Each structure stands twice: as structure tokens, then as C-alpha cells.
Asks: 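Please see the structure below; I have some questions.
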Amino acid sequence: MLLLAIETSCDETAAAVVKDGCQMLSSVVSSQIAIHAEYGGVVPEIASRKHLEMITPVVSQALREAGLTMKDIQGVVATRGPGLAGALLVGLSAAKAIAFAQAVPFVGVHHIEGHIFAAFLEQPVAFPFLALVVSGGHTHLYLVENFGRYTTLGRTIDDAAGEAFDKSAKIMGLEYPGGARIDALARGGDCQAVRLPRPLINDGSLNFSFSGLKTAMLQRIAKHPVTIPGQDASDLCASFQEAVCDVLAFKTEAALRQNGIQRLVVAGGVACNSALRSRMNRMAADLGVELHIPTSALCGDNAAMLAVAGNYYLCNGYASPLSQDVTATWEMDRIKDQFS
Ligand code: KG4
Ligand code: ZN
């Protein structure tokens with residue numbers, strides 16, 4: 001089945017063509033980061049308007065790069081939520097309009113479901129597996145038993161890991177979104193140089209908290225301003241990353257052990273982080289766990305990732321009605337409700 005996928009949940013207008021839910025024929029991502037950087041974060045109204053401007057050229061480019069035309073498409077998948085309502089509406093409406101015009105089925109999927117199954121575009125993973133999702137809006141541990149069957153084992157009680165990266169970067173005077181800048185600066189740094197807290201690490205739960213770490217960064221910078229680039233900035237970035245990795249690795253290991261799971265998927269934009277990738281690789285090797293972290297291009301927001309679950313749903317008769325609306329907040333545990 002040839003699927004056209006569309007993603008517009010935040011600040012990336014993305015479209016892709018994927019065959020049989022696994023073979024990526026094209027993946028186009030048009031980023032609005034430079035526009036929002038001026039404001040220090042995503043401005044929802046600007047995001048929606050930019051999606052409107054870009055959606056048609058991005059979809060056309062995805063078809064062109066796949067060597068196909070609209071007539072070849074056999075189904076359309078788009079992000080239904082969670083995300084910015086106005087931004088989601090652009091992609092979902094475009095997807096429904098294309099499906100209607102081409103008389104092919106349409107399905108709306110969960111953005112995080114997309115992130116989790118991005119790994120399948122490289123190699124299928126056997127169920128059940130544990131998914132650690134670390135993005136700008138999520139830091140969650142899910143038990144994944146099948147498509148549509150997700151149980152939340154742990155989650156952040158305040159900021160997401162990506163938010164902690166971006167806020168800490170802002171405190172250091174780095175441009176939005178600062179996750180990748182912290183990663184780059186940390187490369188020459190000493191991760192033991194600055195003592196930072198490991199929030200909730202010993203609370204016995206599988207939950208996370210990152211707001212205290214952000215406050216600790218704020219206090220540290222107030223007392224010891226850093227020069228960028230410079231050794232002190234690199235040391236602070238490396239120490240910050242180490243704190244985030246310690247907490248993520250500790251809770252992920254606990255979730256694997258408690259549930260007797262042998263396979264781990266790490267997904268979302270923060271999975272691009274080089275320190276997290278090597279930490280997870282080491283942990284998986286020590287535990288004898290099979291680890292899947294997609295290449296960086298598939299960790300950040302893209303449309304191809306949506307086609308994996310989309311293909312499963314459409315091939316199993318779970319199309320969405322064209323009356324489907326976006327849902328700005330949507331718990332993964334409730335996904336199966338839409339098909340019952
Ligand atoms: O998954 P994503 O592209 O969008 C959301 O669904 O949120 O994740 C974006 C987040 C941002 O917070 C960004 O700073 C972070 O991923 N990020 C990184 C890196 N690359 C992107 N964080 C740490 N290290 C990186 N290399
Ligand atoms: Zn995302």
C-alpha cells in the first residue's frame with residue numbers, strides 16, 4: 001500500500017510517501033525554527049499560517065521525490081494530535097481533502113505513536129517492547145504490546161526532557177531550540193565538573209521531573225556566568241546532559257526489569273542527543289536488551305514515521321471518518337477508543 005503521510009503538529013511542515021508501512025520513498029521536512037527562534041519559542045498563530053503556506057509545496061515535493069503522482073496514492077495518514085490545534089488543523093484538513101478527492105481511505109494517528117514506530121522504518125521490532133519517548137512535549141515510558149495497545153508506565157510530572165534542554169539553553173543565552181546546541185557544546189566538556197540534581201531518581205516510581213534541574217541551572221548561571229564558546233560552558237552543558245541521562249537511564253532500566261522486557265525503543269527529538277544515545281547503548285549492552293534508536297532524521301518530527309501505524313490501521317480496516325477533528329491533548333492509553 002502506498003501511503004501519503006502529513007505531519008503539522010508543531011513547527012515542522014512534513015510530508016512523506018511510504019510503501020507498505022516500512023519502505024520510505026520520500027520524506028520532506030520544512031522547518032519553521034528560524035522564524036520562531038526570533039521569539040524564543042513557537043508562536044502558535046505564526047506556526048498555523050506558515051503550515052498553510054507550505055503544505056501544498058511540501059506535499060508536491062514528497063510526491064515528486066517518490067516519483068509518483070497523487071493518483072498513485074492508496075491512503076492518507078496525518079497527525080490528529082496532540083499538538084497545537086491550529087497547526088494540526090492544517091495537516092489534518094489537507095489529508096482529509098486529499099483522501100476525499102482521490103477516493104482513498106484516511107486515518108488520523110497519535111504524534112507519539114508516530115515517534116515510537118519510526119524505528120520500524122529501519123527494522124521491525126517484535127512486541128512487546130518498552131518505548132522511552134523524549135521530545136519537546138513528552139518524557140514517557142510506554143509498554144507497547146501492539147499497534148494501538150499502549151500502557152503508560154511513567155511520565156514527567158512537570159517539564160519534558162526537551163523542554164529542560166531548551167529552557168536550560170535559553171538560560172545560557174543559546175538560541176531556541178537549544179537541545180542540539182547543548183549537545184554540541186557538551187562535546188568538549190567534563191560531565192563531572194558541575195554538581196546538578198537528579199530529580200525523582202530515588203522515589204521508587206517510573207516518573208520523571210525536570211523542572212528542578214532547570215532551576216538548578218538558573219541558580220548556577222546566576223552565580224557562575226559562562227562564556228560561549230568556552231570551557232566553562234562546555235563543562236556545564238556536559239554536566240547537564242549527564243544529569244538528564246542518569247535519570248532517563250535509571251528509570252528506563254527499572255521499567256525494563258520490573259516488566260521483564262527485552263526490547264527497548266528510544267524515540268523523539270531528544271533521542272538525537274549523542275550522550276543519551278551512547279548511554280542507552282551501554283545500558284542495553286549491559287542488560288542484554290535489544291535496543292532500537294532511529295537515525296537522527298527519524299527521531300525529530302517527520303511525516304514518514306506516521307505511515308507505520310497508519311499502514312497497520314488502514315490494512316486492518318481501521319480508517320477514520322472524514323469528520324474526524326484534531327485533538328490537542330490526547331492520552332496514548334485512549335487511542336484504542338477511537339476504533340471501538
Ligand atoms: O520530537 P521533536 O522533534 O518535537 C516534539 O514532538 O516535541 O523534539 C524536539 C525537541 C526539542 O526540545 C529539541 O531541543 C530536542 O528535541 N532536541 C535535542 C537534540 N536535538 C533535538 N535535545 C538534545 N540533544 C539534541 N541533539
Ligand atoms: Zn515530535
Side-chain angles (χ1 to χ4, degrees), residues 5-14 16 27 29-34 36-37 40-42 44 47 78-84 87-88 91 109-119 131-140 142 156 159-172 174-187 189 191 210 213-214 217 234 237-245 247-248 265-280 293-306 308-309 328-330 332:
I6 296 177
E7 151 67 34
T8 61
S9 66
C10 191
D11 58 352
E12 258 101 29
T13 316
S27 178
V29 180
S30 167
S31 176
Q32 306 175 1
I33 279 179
H36 298 289
V42 178
T79 304
R80 180 189 176 195
L84 303 169
L88 288 163
V109 306
H110 195 291
H111 181 73
I112 296 304
E113 196 173 21
H115 275 302
I116 291 173
F117 288 105
L132 169 68
V133 180
V134 273
S135 71
H138 281 72
T139 301
H140 283 57
Y142 297 105
T156 179
D159 291 350
E163 233 177 318
F165 267 97
D166 295 343
K167 287 179 178 171
S168 296
K170 197 171 182 174
I171 293 166
M172 292 181 70
L174 300 170
E175 207 171 64
Y176 173 86
R181 287 295 312 279
I182 290 193
D183 192 356
L185 279 170
R187 278 187 196 132
C191 66
F210 290 106
L213 190 50
K214 173 196 65 196
M217 287 289 282
S234 290
C237 287
S239 302
F240 169 80
Q241 271 186 184
E242 185 75 359
V244 174
C245 289
V247 181
L248 292 175
V265 167
V266 184
V270 182
C272 294
N273 185 266
S274 54
L276 183 62
R277 294 176 85 92
S278 43
R279 173 66 73 89
M280 287 293 159
I293 315 181
T295 54
S296 290
L298 289 174
C299 288
D301 285 350
N302 67 89
M305 67 185 193
L306 305 171
V308 183
T329 53
W330 189 10
M332 285 279 280

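In listed order, ligands and their atoms are each counted from 1. Computed from a predicted model, the values in this text were never measured in an experiment.
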Asks: How does His111 reach ligand 1, if at all, at less than 4.0 Å between non-hydrogen atoms: by side chain, backbone, both, or neither?
Replies: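 His111 to ligand 1: side-chain contact only, backbone stays beyond 4.0 Å.
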Asks: Taking only heavy atoms of Cys272, which atoms of ligand 1 are found under 4.0 Å from at least one of them?
Replies: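 This gives 20 (N), 26 (N) as the contact atoms.
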Asks: Should Val42 and Cys10 be marked as a side-chain contact (heavy atoms from CB on, under 4.5 Å) after you check the CA-CA gap, both sets of side-chain angles, and the distance that decides it?
Replies: CA-CA 8 Å; Val42 178; Cys10 191; 4.0 Å; yes
Asks: Calculate, to the nearest 0.5 Å, the distance between atoms CG and CE belonging to Leu248 and Met280 respectively.
Replies: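 Nearest 0.5 Å value for the CG-CE distance: 5.5 Å.
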Asks: Tell me the protein heavy atom at minimum distance from atom 26 (N) of ligand 1, and give that distance in Å.
Replies: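 Result: Asp183 OD2, 2.9 Å.
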Asks: Drop me the distance from Met217's CE to Met172's CE, to the nearest 0.5 angstrom.
Replies: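 One finds 5.5 Å between CE of Met217 and CE of Met172.
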Asks: Is Glu12 touching ligand 1 with its side chain, its backbone, both, or neither, if touching means heavy atoms under 4.0 Å apart?
Replies: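 For Glu12, no heavy atom sits under 4.0 Å from ligand 1.
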Asks: Grab the two heavy atoms, one from Ala328 and one from Leu88, that are nearest each other, plus how far apart they are.
Replies: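 Nearest heavy atoms, Ala328 then Leu88: CA-CD1, 4.3 Å.
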Asks: Considering the heavy atoms of Gly179, write down every atom of ligand 1 situated less than 4.0 Å from one of them.
Replies: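 Going through ligand 1 atom by atom, the ones under 4.0 Å from Gly179 are 14 (O), 18 (C), 19 (C), 22 (N), 23 (C), 24 (N), 25 (C).
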Asks: Among all protein heavy atoms, pick the one closest to atom 3 (O) of ligand 1 and tell me residue, atom and distance.
Replies: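 Among all protein heavy atoms, the one nearest atom 3 (O) of ligand 1 is Asp301 N, 3.1 Å.
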Asks: Side-chain contact, heavy-atom cut-off 4.5 Å: His110 with Trp330?
Replies: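 His110 vs Trp330: side chains touch.
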Asks: For Asp301, what is the atom name of its N, O or S atom nearest to the Zn ion (ligand 2)?
Replies: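 This turns out to be OD1.
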Asks: Determine whether any heavy atom of Gln241 lies closer than 4.0 Å to an atom of ligand 1.
Replies: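 It does not; every heavy atom stays at 4.0 Å or beyond.
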Asks: Among all protein heavy atoms, pick the one closest to atom 1 (O) of ligand 1 and tell me residue, atom and distance.
Replies: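 For atom 1 (O) of ligand 1, the nearest protein heavy atom comes out as Gly269 N, 2.9 Å.
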Asks: If you compare all heavy atoms of Gly91 against all heavy atoms of Ala78, which two are closest, and at what distance to 0.1 Å?
Replies: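 Here Gly91 and Ala78 meet closest at O-CB, 4.1 Å.
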Asks: Report the distance from atom OG of Ser135 to atom CD of Glu163, rounding to the nearest 0.5 Å.
Replies: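 So the OG of Ser135 and the CD of Glu163 are separated by 9.5 Å.
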Asks: Under 4.0 Å from any heavy atom of Gly137, which atoms of ligand 1 are there?
Replies: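 What qualifies from ligand 1 is 7 (O).
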Asks: Indicate, with yes or no, if the rings of Phe240 and Phe165 have centres closer together than 6.0 Å.
Replies: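 Close enough - the centres of the two rings lie under 6.0 Å apart.
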Asks: NE2/His111 to CE/Met332 distance, rounded to the nearest 0.5 angstrom?
Replies: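 Answer for the NE2-CE pair, His111 versus Met332, is 11.0 Å.
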Asks: Angle at the Zn ion (ligand 2): provide the value between NE2 of His111 and NE2 of His115, rounding to 10 degrees.
Replies: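 Approximately 100° at the metal, rounded to tens of degrees.
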Asks: How long is the span from the NE2 atom in His138 to the CD1 atom in Ile112, to the nearest 0.5 Å?
Replies: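 It comes to 4.0 Å.
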Asks: Near Gly300, which atoms of ligand 1 are under 4.0 Å from a heavy atom of that residue?
Replies: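 Listed by number with element: 3 (O).
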Asks: Which of the atoms in ligand 1, numbered in the order shown and given with their element, are less than 4.0 Å from a heavy-atom of His115?
Replies: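 With His115 as reference, the close atoms of ligand 1 come out as 1 (O), 6 (O).
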Asks: Look at atom 13 (C) of ligand 1 and find which of Asp11, Ile33, Asp166, Val29 reaches it with the closest heavy atom.
Replies: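 Among Asp11, Ile33, Asp166, Val29, the closest heavy atom to atom 13 (C) of ligand 1 comes from Asp166.
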Asks: Do me a favour and list the nearest non-hydrogen protein atom to atom 15 (C) of ligand 1 with residue, atom name and distance?
Replies: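 Minimum-distance protein heavy atom for atom 15 (C) of ligand 1 reads Val270 CG2, 3.9 Å.
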Asks: If you take the nearest heavy atom of each of Thr79, Val42, Asn273, which one is closest to atom 24 (N) of ligand 1?
Replies: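 Result: the heavy atom closest to atom 24 (N) of ligand 1 is in Asn273.
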Asks: Without swapping roles, check the side chain of Thr8 against the backbone of Ala87 for a donor-acceptor pair under 3.5 Å.
Replies: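 Judged by distance alone, yes, a pair lies under 3.5 Å.
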Asks: So if I count the atoms of ligand 1 from 1 in the order they appear, which ones are less than 4.0 Å from some heavy atom of Gly162?
Replies: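 The atoms of ligand 1 under 4.0 Å from a heavy atom of Gly162 are 12 (O).
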Asks: Go through the side-chain N and O atoms of Ser9 and Glu7 and say whether any donor and acceptor fall under 3.5 Å apart.
Replies: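 Yes, side-chain donor-acceptor contact under 3.5 Å.
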Asks: Determine whether any heavy atom of Cys10 lies closer than 4.0 Å to an atom of ligand 1.
Replies: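 The answer is no: ligand 1 sits nowhere under 4.0 Å from a heavy atom of Cys10.
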Asks: Among Gly114, Gly83, Gly136, which one puts a heavy atom closest to atom 10 (C) of ligand 1?
Replies: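 Heavy atom nearest to atom 10 (C) of ligand 1 belongs to Gly136.
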